[in-house]
Amino acid sequence: MNNLFNKKPIYKVIYDTIAEKIYNSAYKVGDTLPSESELEKMFQASRTPVRQALNKLESDGLIYRSQGKGSFVANYKPIGHWITMTGFNHIYTKDWKKISARTIEVTKKTSPYYASLLKINSNEEMIHLKRIRTDQGEPVIYLEHFLHPDLSIEIFQKDPSFISIDQLLKDEKGIEFTTIKEQLEAVSADVQLAEQLKIEEGQPILKSTRISYANKSNPVDVTIIYLRSEKWKYAIEFNKGM
């Protein structure tokens with residue numbers, strides 16, 4: 001072990017060891033990593049390199065950390081066909097390991113407008129999520145989801161780092177989105193969006209309203225996406241088969 005430490009910084013040894021265990025599924029999605037003090041003992045290291053390693057693991061999207069609870073393995077793999085249903089497919093496929101997500105809030109909420117998009121009664125409570133997607137630790141997308149009230153709110157409370165609603169619902173409930181409708185518009189960041197995306201109030205951003213259906217007549221999820229378009233460019237490529 002001492003020879004290995006001499007070859008590269010100890011924080012990199014810690015990072016590489018944990019990352020390899022994640023890639024090899026020794027640490028699986030949702031598993032709790034050893035605490036900082038346990039890692040110090042395991043690697044005979046001080047607190048500083050341990051935190052450096054954990055910071056890099058988090059910024060690379062391999063783990064997420066919860067205040068007072070510890071560090072957990074994130075869902076870092078680009079699974080599911082959902083990434084092909086977005087104008088950011090070129091970014092997800094190229095830089096997947098740099099991208100992570102976290103849930104800020106899970107509540108129930110009424111909204112006549114979004115209820116109408118889900119084709120439910122205007123006074124019904126929908127599951128409401130607030131989420132952030134980051135690229136190398138920098139916030140790029142702020143999302144709000146309004147989900148059908150027949151779903152269980154517990155599904156969305158298990159792992160705050162899940163990447164896509166599409167894959168989560170498929171894994172948990174066997175629900176697959178077959179139709180997606182999306183509308184794009186340019187808007188100015190209000191106070192809340194500026195705070196979440198770490199930008200100036202009034203900065204132009206891209207807004208997407210996406211409705212996802214389990215079939216053509218049953219909407220399951222309405223997602224409102226606010227994107228820092230100076231960071232990510234929306235691009236669609238269509239190739240007609242011969």
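Computed from heavy atoms alone, side chains included, the values below leave out hydrogens, waters and symmetry copies. It should be emphasised that the depicted structure is a prediction, and the values quoted were computed from it without experimental measurement.
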Heavy-atom pair of closest approach, residues [X] and [Y]:
X	Y	value
S229	P204	OG-O, 4.4 Å
A115	N121	CB-O, 3.6 Å
S217	K119	O-NZ, 3.8 Å
A194	A189	N-CB, 4.2 Å
H145	T223	ND1-OG1, 2.9 Å
R131	P160	NH1-O, 3.4 Å

Can you find a heavy atom in the side chain of [X] that is under 4.5 Å from one in the side chain of [Y]?
X	Y	result
F156	L147	yes
F43	P34	no
Q203	E230	yes
T110	E124	no

- Item | L151 and I175: CA distance, side-chain angles, deciding distance, side-chain contact (heavy atoms from CB on, under 4.5 Å) verdict | CA-CA 11 Å; L151 295 170; I175 296 172; 3.8 Å; yes
Can you tell me how far [atom2] of [Y] sits from [atom1] of [X], rounded to the nearest 0.5 angstrom?
X	Y	atom1	atom2	value
R210	D221	CZ	CG	9.0 Å
K56	I18	NZ	CD1	13.0 Å
E176	N215	CD	CG	12.5 Å
E144	T209	CD	OG1	11.0 Å
S46	E40	OG	CD	7.0 Å
K173	S152	NZ	OG	7.0 Å

- Item | Reference residue V220; test side-chain contact (heavy atoms from CB on, under 4.5 Å); the match among L169, D166, I165 |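 That would be L169.
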Side chain to side chain contact (heavy atoms under 4.5 Å, CB included) against [X], all qualifying residues, sequence neighbours excluded:
X	value
A19	Y15, Y23, L57, L62
S122	P112
E105	T107, K130

Within 6.0 Å of [atom1] in [X], more than 12 heavy atoms from elsewhere:
X	atom1	value
R65	CZ	yes
E185	CD	yes
Q192	CD	yes

- Item | Verdict with reasoning, E36 to R51, per salt bridge (charged side-chain N to carboxylate O under 4.0 Å, His left out) | CA-CA 7 Å; E36 289 187 6; R51 287 184 172 173; 2.9 Å; yes
- Between E138 and D135, is a side-chain contact (heavy atoms from CB on, under 4.5 Å) present by the stated rule, with each step listed? CA-CA 5 Å; E138 184 176 14; D135 187 345; 5.5 Å; no
Mark yes or no for whether [X], through its side chain, and [Y], through its backbone, hold a donor-acceptor pair below 3.5 Å.
X	Y	result
K41	E38	no
D159	S161	yes
D16	V13	no

- Query: For the hydrophobic clusters of this structure (ILVMFWY residues joined by side-chain heavy atoms under 4.5 Å, transitively), does one cluster hold both Y27 and L39?
  - Reply: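 Yes; tracing contacts between hydrophobic side chains, which count when under 4.5 Å, links both residues.
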- Message: Using a 4.5 Å cut-off between side-chain heavy atoms of Ile, Leu, Val, Met, Phe, Trp and Tyr, which other residues end up in the same hydrophobic cluster as F146?
- Response: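 Direct or chained contacts put F146 with I104, Y113, Y114, L117, L118, I120, M126, I132, Y142, V187, L193, L197, I199, I205, I211, Y213, V222, I224, Y226.
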- Query: Residues sharing V191's hydrophobic cluster, by side-chain heavy-atom contacts under 4.5 Å among ILVMFWY, directly or via others?
  - Reply: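 Cluster partners of V191: none, it stands alone.
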- Item | Full working for side-chain contact (heavy atoms from CB on, under 4.5 Å) between L143 and L129 | CA-CA 8 Å; L143 310 95; L129 308 184; over 6 Å; no
- Message: Quick one, K109 with E125, criterion salt bridge (charged side-chain N to carboxylate O under 4.0 Å, His left out). Give me CA distance, side-chain angles, the key distance, then yes/no.
- Response: CA-CA 5 Å; K109 186 175 182 177; E125 283 191 329; over 6 Å; no
- Item | Partner set under ring pair (Phe, Tyr, Trp, His ring centres under 6.0 Å) for F72, not counting sequence neighbours |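 Ring pair (Phe, Tyr, Trp, His ring centres under 6.0 Å) check on F72 returns Y64.
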- Task: For the pair T134 and V140, evaluate side-chain contact (heavy atoms from CB on, under 4.5 Å) and give the outcome as yes or no after the intermediate values.
- Result: CA-CA 5 Å; T134 61; V140 177; 5.9 Å; no
